[in-house]
There are 4 protein chains.
Amino acid sequence: MPKETFFNLPAGKRERIIEAALDEFSTYSFHKARITAIEDRAGIAKGSFYQYFEDKKDLYKYLMELLVEKKLSYINRDMMVNKEKYGFFQLLREVYLSGIRFAKENSRLVPIWMMLVTDRDLLQEIYGEHRDKSADFFKELLEFGKAKGELAPDLDVSLTATMLQSLTFSLIDLIIEDGKLDMDDMVIIDKMLDFVENGIKKRAQG
Amino acid sequence: MPKETFFNLPAGKRERIIEAALDEFSTYSFHKARITAIEDRAGIAKGSFYQYFEDKKDLYKYLMELLVEKKLSYINRDMMVNKEKYGFFQLLREVYLSGIRFAKENSRLVPIWMMLVTDRDLLQEIYGEHRDKSADFFKELLEFGKAKGELAPDLDVSLTATMLQSLTFSLIDLIIEDGKLDMDDMVIIDKMLDFVENGIKKRAQG
Amino acid sequence: MPKETFFNLPAGKRERIIEAALDEFSTYSFHKARITAIEDRAGIAKGSFYQYFEDKKDLYKYLMELLVEKKLSYINRDMMVNKEKYGFFQLLREVYLSGIRFAKENSRLVPIWMMLVTDRDLLQEIYGEHRDKSADFFKELLEFGKAKGELAPDLDVSLTATMLQSLTFSLIDLIIEDGKLDMDDMVIIDKMLDFVENGIKKRAQG
Amino acid sequence: MPKETFFNLPAGKRERIIEAALDEFSTYSFHKARITAIEDRAGIAKGSFYQYFEDKKDLYKYLMELLVEKKLSYINRDMMVNKEKYGFFQLLREVYLSGIRFAKENSRLVPIWMMLVTDRDLLQEIYGEHRDKSADFFKELLEFGKAKGELAPDLDVSLTATMLQSLTFSLIDLIIEDGKLDMDDMVIIDKMLDFVENGIKKRAQG
DNA sequence: GATGAATGAGGTTTCATTCAT
DNA sequence: AATGAATGAAACCTCATTCAT
């Protein structure tokens, strides 16, 4: 956690520091990223960083907290709370949509987070034991879908959750690597949902 | 590329070095990984590493080459060459199976490769311009499936390729993180294929 | 060029570093000279050197700049600007005198510079293409002497410049290797000038 | 001194080694020069060098011995032994001529030797206490010239010897840096001798 | 709190030299 | 004697972090 002094900083400066940190960490892995570069880009003096943060890891953790916080803020709270009013696939659509909105507006957070997730040692250092909350979220959603009767009752929830999550990642990655697919975001989502709903096997009726 | 001296080494020693490198790079990100640690674990003297490799990057590249080479060796060449004899989903099944076999027997290569893929700067350093051959592979396979009439003719090949690839990653990850799911590999694959074929929507007939 | 931080240093410390560098480089050739030794002698911490200089070469270049700057400061500017008031040999005498004054007060710079000049590879590394300004200086002076009618009109300017320059080196070397000749500096200079003026052939009149 | 094994080597191989050494040491200063590079260029195996020489310094010393030996071989022995038959300036001319011949045919030895002479620490390491035999040579020659009555009786022998020596260096340097002066070697020598004989002052009679 | 110099652990890399075959 | 891998000292350099002002 940042020191108190960080939160006492004028908002502009605080933001400049965060921006600089995002720039650095989204470009370089944790160990290659340099505090000095962050200080330079933020326009603060050489050791000033340590007025605000315990150390490199402290800043990194904070960035990850921002990520979670931001991520949540993009989900339509109302829909999630009043699940019953919606169908499973409607909800899933909203989840993907929010994921996209988030990624588009916080594109630098995504690579940071991806590097973290694939770096076991770092993950350990940052979180101690890691608990994948995102998978839990999908599990819950799937249970709900089952209960509603929209999904096959014998569907394996754990595995499917993993797969849905994985698809989310690839969705976000597609969106960020702007131009990889020249397709409108909505179209992408709809095609992906169709894939999830119906698979890719050709059916008799089309 | 390793220096000639590396290939002149007795197989045992060469393997010890590679083993040590795999250990180190699968545990730590490229920049945190230490040559010294590799030397120690391989039981060779302080600067000896440089007898065999140009530098850290050189070793890393070599590991990635091994990965590609190994990966390919796990695919049933026969099936891929005589595609026509098989159905699309049979082929996909084989691809997933080979992915799993590979991952089980080379579990340390996977995290190394994942860290690389998520670290843009490193990717750039290692490969210059990166060309995702894996996605191409799936595209080709999908085109084949379309031609065979097993897939919907209006299926978006690029997007679907991305999704299939993404599912492969998560499959491999599941397998490696042994115990995350207590399910037999075959069962996992079959469920995943079912997901791909039919999606998760409940149908009238089942 | 040293970094800004170097010039921000208290004069005393800055001088200690330069002194240490002069000690090291005047004793050892560029590649044998050790940064660590300089740090030790200057009483600064292990990597501190790099706060002030880019690298070894950077420091070395700076020393060479100091040399040029110092060297120039020893010449009687007035005499050189108002050449016309003086005879050629008076001017040459002044040049030699200034050379001696410089060498006596900066005796450690001379060997550094000599090592540089004789080390083609280093010279290349330090200066890229090297332009011998010192020879140009003598050429100009000789042209002046010719114009004044003090020198033979068919004198070869380029060659003579080279020879005068060479004699300067040996003069400086003599002075520095104190005691090699037990003669007063003035006497040395006068004898050398006599050599330059009249050669060593015995003449009819003496 | 090289080991016996070196002299037992077939002449061709011995020469290849010396050639390679000359290449390396004439390009790089003692400490930058690499044994490995010499081995490579000579086409001998990695540690083979140590079959023939004690160490780097041993080879270097040997090269310097070759230099002296070669140098002497270029002087017209006959003239030096029967000095009386010749005039001082004739002898000096021969000295310069031999210097040039030597330098032209052994151009790589010159920079090696120059670097050595300007590197006090190395000189010390190589020779312990250094005795400048070359200056002695000129002193002797000058004494001879005085005795013959060709030089002014009050000429300072030590200083003049130093100057003559210095001019030799610059002469050799000029010759080696081929093209610096586009003048025939003979012309250079004659002009230089004229300089030594008569200085550069314009005389009444021309 | 801000500044920027100071510190030193620690990593990479080079290469002369040794050693086993 | 020849080969070429092995060794390890030692150098350069980076940078997170501390400290004095």
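Just so you know, these numbers come straight off a predicted model, no measurement behind them. Below, chain A is the first sequence line, B the second, and so on; all start at residue 1.
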Under 4.0 Å, counting only non-hydrogen atoms across every strand here, what does [X] touch: a base, just sugar-phosphate, or nothing?
X	value
B/L9	sugar-phosphate
D/K13	sugar-phosphate
D/A37	nothing

Query raised in the report: Could one point to a donor on the side chain of B/Q51 or the base of F/dA5 with an acceptor on the other under 3.5 Å away?
Result: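 There is none.
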
Rounding to a whole Å, what distance do you find between [X]:[atom1] and [N]:[atom2]?
X	N	atom1	atom2	value
C/K56	F/dA10	NZ	P	15 Å
A/H31	F/dA16	NE2	C1'	11 Å
C/K46	F/dT17	NZ	C1'	17 Å
C/D40	F/dA11	CG	P	10 Å
A/E39	E/dG1	CD	C1'	15 Å
A/F53	F/dA16	CZ	P	15 Å
C/Y52	F/dT14	OH	C1'	15 Å
C/F49	E/dT7	CZ	P	15 Å

Requested in this report: Test the D/K56-D/F30 pair against the cation-pi criterion, namely NZ or CZ under 6.0 angstrom from the six-membered ring centroid and within 45° of the ring axis.
Outcome: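 Yes, cation above the ring, under 6.0 Å and within 45°.
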
Requested in this report: May I ask you to check whether B/Y62 and B/F6 place their ring centers less than 6.0 Å from one another?
Outcome: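 Judged by ring-centre distance (under 6.0 Å), B/Y62 and B/F6 do meet the cut-off.
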
Query raised in the report: Should we say atom NZ of B/K3 is surrounded by more than 12 heavy atoms from elsewhere, each under 6.0 Å from it?
Result: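 Yes, because the 6.0 Å sphere around NZ of B/K3 holds more than 12 heavy atoms from other groups.
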
Query raised in the report: Start at the 5' end of DNA chain E and walk down; is the nucleotide closest to C/G47 or to A/T5 reached first?
Result: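 Result: A/T5.
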
Query raised in the report: Roughly how far, to the nearest 0.5 Å, is CG of D/L123 from CD of D/E125?
Result: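 Answer for the CD-CG pair, D/E125 versus D/L123, is 10.5 Å.
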
Report task. Compare the minimum distances between each of F/dC12, F/dC13, E/dA16 and the side chain of D/R34, then state the nucleotide with the smallest one. Result ->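 Comparing F/dC12, F/dC13, E/dA16 against the side chain of D/R34, the answer is E/dA16.
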
Report task. Output the single nucleotide from E/dT13, F/dA5, E/dT7 whose closest atom is nearest the side chain of B/D55. Result ->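 Given the options E/dT13, F/dA5, E/dT7, the side chain of B/D55 is closest to E/dT13.
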
**Report entry** Pair D/E65 + D/K70, salt bridge at N-O below 4.0 Å
**Finding:**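 Result for this pair is no, no salt bridge flagged.
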
Query - Pair A/R41 + A/E19, salt bridge at N-O below 4.0 Å - result: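 So A/R41 does not pair with A/E19 through a salt bridge.
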
N or O in side chain of [X] less than 4.0 angstrom from [N] OP1/OP2:
X	N	answer
A/K32	F/dC15	no
B/N8	F/dG4	no
B/T36	E/dT12	yes

Query - For E/dC15, the Watson-Crick or wobble partner whose two distances fall under 3.5 Å - result: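 Paired with E/dC15, as far as the under-3.5 Å criterion goes, is F/dG8.
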
Report task. Report the base-pairing partner of F/dT21 (Watson-Crick or G-U wobble, both distances below 3.5 angstrom), or none. Result ->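 F/dT21 is paired with E/dA2.
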
Query - Residue mapping more 5' on DNA chain F - nearest nucleotide basis, B/A45 or D/G43 - result: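 That would be D/G43.
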
Query raised in the report: Hey, which of these two, C/Y50 or A/Y50, hits DNA chain F nearer its 5' end, going by closest nucleotide?
Result: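 Result: C/Y50.
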
